[in-house]
Protein chains: 2
Amino acid sequence: MKKTGCRYGTHRVISPEGVLPQAALKIDNDMDIYDNEILVDVIALNIDSASFTQIEEEAGHDTEKIGRKIMEIVEDRGKMQNPVTGSGGMLIGVVEEIGDALKDKIDLKAGDRIATLVSLSLTPLKIEKIMDIKKDIDRVEVEAKAILFESGIYAKLPKDMNENLALAALDVAGAPAQVAKMVKPGDSVLILGATGKSGMMCAYEAMKRVGPTGNVVATDLREEALELLLKNRFCHKAFSGDARKPVEVMNRALEMNGGREYDIAINVVNVQNTEMSTILPVRDGGIVYFFSMATSFTKAALGAEGVGKDVTMVVGNGYTKGHAEITLQELRESEALRKIFEELYV
Amino acid sequence: MKKTGCRYGTHRVISPEGVLPQAALKIDNDMDIYDNEILVDVIALNIDSASFTQIEEEAGHDTEKIGRKIMEIVEDRGKMQNPVTGSGGMLIGVVEEIGDALKDKIDLKAGDRIATLVSLSLTPLKIEKIMDIKKDIDRVEVEAKAILFESGIYAKLPKDMNENLALAALDVAGAPAQVAKMVKPGDSVLILGATGKSGMMCAYEAMKRVGPTGNVVATDLREEALELLLKNRFCHKAFSGDARKPVEVMNRALEMNGGREYDIAINVVNVQNTEMSTILPVRDGGIVYFFSMATSFTKAALGAEGVGKDVTMVVGNGYTKGHAEITLQELRESEALRKIFEELYV
Ligand SMILES: NC(=O)c1ccc[n+]([C@@H]2O[C@H](COP(=O)([O-])OP(=O)(O)OC[C@H]3O[C@@H](n4cnc5c(N)ncnc54)[C@H](OP(=O)(O)O)[C@@H]3O)[C@@H](O)[C@H]2O)c1
Ligand SMILES: NC(=O)c1ccc[n+]([C@@H]2O[C@H](COP(=O)([O-])OP(=O)(O)OC[C@H]3O[C@@H](n4cnc5c(N)ncnc54)[C@H](OP(=O)(O)O)[C@@H]3O)[C@@H](O)[C@H]2O)c1
C-alpha cells in the first residue's frame, strides 16, 4: 500500500499536468492502492447512454467490436471515458480493500456491494476480461478492478430492493436529498417537471417536509401524469402547462397558492428556456433551485435582474451528504412511489 | 393615466404573445403611463458595448447613420434592443411622473435624476430627437421618454460624486451587495478575479464584513494589481495564479488559510473554465458564489459532484435590495477605492 494520495485523486493524473482526474487524458490505473483509496472488484459497468450509443454506432452494432473499443479506451486512458462524448457512467462492484488511512473514517467494509456515484470518467479502471455486453441496458459485465478516491462518492446497494430499482433512484439522488434539506414546515413549493423521474421524488419529499401547513404545487406538460401525482398525494395541487411560457405558468402558479408568491421553486424539467417560469413565481428572499442540466447560467442571472427579483438562485449540486440514503428511503417508505418506479424505470 | 398594469410589464408586450418584455419583438411605447409605471425624461442612453460596436460597424462609423439606425430600431421595437446582439444598455434621465398606485410605495419623486438598472432591452422608449452621439463612450444624448415598470430597478444618481464614477460602480452593483449580505464576521473568503472592477468592490466589502477574526484572500493573474489591493488593505493576503488551474489555486489558497478550507469563494473572473478553482477550496457546507457570466451551469453542477463537495453554489443575481446604495457607499467610505476607480474607469 502506498502513502496517502490527494483526496481528489490528482496523484494519479499522468497528463496533462495540473488538472483533475476528470479532465485528464490519461490516469494511472495501477491497482496497488494508496492508503486513502478504495479498491473495488467490479461486477458491471453502466455506461452513460450518450457514450454507449456512440460506441455502438462506431462498432456497427457488433458486440465483439463494442467490447474491443471499450478495452482500447480503458487501456489508453486508464478510465472508461468516451473520447468523443467525454462522458463515463457508473459501476457496480464489491469492495475488496480499503486503505488504512480511510478504514476507520467510513462506513464501509470489504465485501460490501456498492454502486459508485462519481462518474467513470474520473475512476481508475483496469479490465481483465469482458464477460457480457447487454446492449439494451448499456451494461457491460466484466472482470475488472477500479479505484475510488477519498472524495469519491458511492452507495451501498440495499438488500431489500431490486438492484435496478435502486440504480434508477440513485441516478437522480441529488435532487430529492437537497429538497429534504431545504424545504421547511409551512413552505409553499412549486415543482416544474414534477412528473419526471426526479420530479416525483422531489414532490414526495417536499410533501413530507412542508407538513400540514405547507403547499406543494406540481406542474408539467401532461395532465394524466399529474393526476397520478394528485391521486397518490405527492402534491397538494397541480396544473399542466408549458414551462417555456413564464407568464402563463406564473399566473396559474399564483392562483394555486392563494395569490401569494412561493417560498421555493424547483426546476427538474429537461428542456431549455424554463428559467423565467421558475424565477417569476418566487417571493423576494425566496429560493430558486435549478436541477435541470438544460439551465443557462446567463439566462438565470440576467433574467432575475431584468424583473428585479431578489431571489437566491442555486445550482443543483448532484451531491449532498446522505443523498443516497435519503433517496432510497423514499422508496422504502412509499409503496406507491416504489410501484410507479418499478413500472416506469425497471 | 391608465389602470394598473402587470408589475413585469407584460401588459405592454405586443408580440409574440405570452412572453416577458425582454423576449418581446415589439412592445407598446405609448407614453401615457399606467398607474404603476414611472415616466422618465431621458437625458442619455448608455448603449451596451457589444450593441454599439455592431451598429457602428454596420453604419461604417458614420455618426448620422448610427443615429438613423438607433431611431429605426426604437420605432420598430418600441425599445432599444439591438436585433443582432439582443442586448440593450442603460439610461440616465429625470423622473417626470410617477403612477398613483406607486407614488407612496417608493422613495422617488418627480425631478429626481436616476440611472435605470434594468436593461434597455425591456424598457419602453420613444425618441423625439438624437442630440449627440459620443462614439468613444457608447453614449447617445437624446430628447426622449422612457417607462419603468413596477419591477424595474433604478438608482438615484448621487449628488456627491461624478456621474461616470457612479455609473462605473453601479454597473457591477450586484456583486458587492451580495457579498455584504452573505459574508459574516469570522468568515474566510477567497476572491477569484479580485483585481477586476467587481473584484475590488467585493474584496473591500468582504474585509468590512469579516472583521478582525476573518481572512480575505485575493487571487488574480497580475502580481502588481494584487500589490495595490494589499497596500490598501482590501484583503489580508493575496497570490497570483491562473484560475483555470484548479489544483494549483487550491493548494495556494489553502496555504493562505492555515491549511483550512474556506467558508465562501467568490468568482468574478471574466474567462471560462474557472469553476473547479472556485469549488475545490471551499469546505463542505460552504458557499460558492459565481458572478462571472462565463460560468457554465453544467461544469459547476457536475464538477462539484465529481469531487464529492457538499457546497451550496449560487448563481450571482445582478439584483438584490439596496444594491445601488451599498455599492455607492463603498466609494464614499473609502477614498482609496474611489481614487482607484477614478483612475481606472472614469
Ligand atoms: N444536478 C443533479 O443532481 C440532478 C439530479 C436529478 C436530475 N437532474 C437533471 O434534471 C433534469 C430532469 O431529470 P429527470 O431524470 O427527472 O428527467 P425526466 O424524467 O425526463 O423529467 C423531465 C420532466 O420535464 C417535463 N417537461 C419536458 N418539457 C416540458 C415543458 N416544456 N414544460 C413542462 N414540463 C416539461 C417532462 O415531461 P414529458 O415526460 O411529458 O416530456 C418530464 O416529466 C435533467 O436535466 C437531469 O440531468 C440533475
Ligand atoms: N451577475 C452580476 O450581477 C455581476 C456583477 C458584476 C460582475 N459580473 C460579471 O463578473 C465578471 C467580471 O466582471 P468585471 O467587470 O469585474 O470584469 P473585470 O474588471 O474584467 O475583472 C475580471 C478579472 O479577472 C481576471 N482574470 C482574467 N483571467 C483570469 C485567469 N485566468 N485567472 C485569474 N484571474 C483572471 C482579470 O485579470 P486581467 O485584468 O489581468 O485580465 C480581471 O482582474 C463578468 O463576467 C461580469 O459580467 C456579474
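Values below: all heavy atoms of this structure, side chains included; hydrogens, waters and symmetry mates excluded. Reminder, nothing fancy here: chain letters follow the sequence lines and each chain counts from 1.
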Participant: Between Val19(A), Thr312(A), Asp284(A), Leu20(A), which shows the greatest number of heavy-atom pairs under 4.5 Å with chain B?
Facilitator: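 Looking at each option in turn, the highest pair count goes to Leu20(A).
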
Participant: Could you check which of Ile153(A), Thr295(A), Val118(A) has the highest count of heavy-atom pairs closer than 4.5 Å to chain B?
Facilitator: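 Looking at each of Ile153(A), Thr295(A), Val118(A) in turn, Thr295(A) comes out on top.
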
Participant: Examine whether an atom of Val288(A) lies under 4.5 Å from a heavy atom of chain B, and if so say whether it belongs to the side chain, the backbone or both; otherwise answer neither.
Facilitator: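 For Val288(A), neither part sits under 4.5 Å from chain B.
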
Participant: If you apply the rule side chain to side chain donor-acceptor pair (under 3.5 Å), what do you find for Asn267(A) with Thr274(A), and how did you get there?
Facilitator: CA-CA 8 Å; Asn267(A) 183 322; Thr274(A) 65; 2.8 Å; yes

Participant: If we only count heavy atoms from C-beta on, is the Ile27(A) to Ile14(A) side-chain gap below 4.5 Å?
Facilitator: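 They are not in contact (no side-chain heavy atoms under 4.5 Å apart), so the answer is no.
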
Participant: In terms of side-chain geometry, is the basic nitrogen of Arg7(B) or Glu150(B) positioned less than 4.0 Å from the acidic oxygen of its partner?
Facilitator: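 Here Arg7(B) pairs with Glu150(B) in a salt bridge, since their nearest N and O are under 4.0 Å apart.
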
Participant: Contact part of Met276(A) toward chain B, heavy-atom cut-off under 4.5 Å: side chain, backbone, both or neither?
Facilitator: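 Only the side chain of Met276(A) comes within 4.5 Å of chain B.
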
Participant: For Asn82(B) and Ser87(B), run side chain to side chain donor-acceptor pair (under 3.5 Å): C-alpha distance rounded to whole Å, both residues' side-chain angles, the deciding distance at 0.1 Å, then the answer.
Facilitator: CA-CA 6 Å; Asn82(B) 184 316; Ser87(B) 56; 5.8 Å; no

Participant: Between Leu280(B), Thr123(B), Val13(B), which shows the greatest number of heavy-atom pairs under 4.5 Å with chain A?
Facilitator: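 The option with the most such pairs is Leu280(B).
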
Participant: Considering only NZ, NE, NH1 and NH2 on the basic side and carboxylate oxygens on the acidic side, decide whether Glu37(B) and Arg12(B) come within less than 4.0 Å.
Facilitator: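 Yes.
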
Participant: Regarding His323(A) and Glu305(B), do their side chains bring together a donor and an acceptor under 3.5 Å, going by distance alone?
Facilitator: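 Per modelled atom types, His323(A) and Glu305(B) side chains form no pair under 3.5 Å.
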
Participant: Against chain B, label Ser119(A) side chain, backbone, both or neither, depending on which of its atoms sit under 4.5 Å from a heavy atom there.
Facilitator: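 No part of it gets close to chain B.
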
Participant: Given heavy-atom pairs under 4.5 angstrom as the criterion, report whether the side chain, backbone, both or neither of Phe149(A) touches chain B.
Facilitator: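 Phe149(A) has no heavy atom closer than 4.5 Å to chain B.
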
Participant: Pick from Asn317(B), Val311(B), Val314(B), Thr320(B): which one has the most heavy-atom pairs with chain A under 4.5 Å?
Facilitator: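 The answer is Asn317(B).
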
Participant: Pick one of side chain, backbone, both or neither for Ser277(A), based on which atoms fall under 4.5 Å of a heavy atom in chain B.
Facilitator: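 Looking at Ser277(A), nothing touches chain B.
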
Participant: Within the supplied structure, the quantity of interest is the number of heavy atoms (other residues, nucleotides, ligands) at a distance under 6.0 Å from Lys245(A) NZ; does it exceed 12?
Facilitator: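 Count not over threshold, so no.
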
Participant: Select one option (side chain, backbone, both, neither) describing which atoms of Lys181(B) are under 4.5 Å from chain A's heavy atoms.
Facilitator: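 The answer is the side chain of Lys181(B).
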
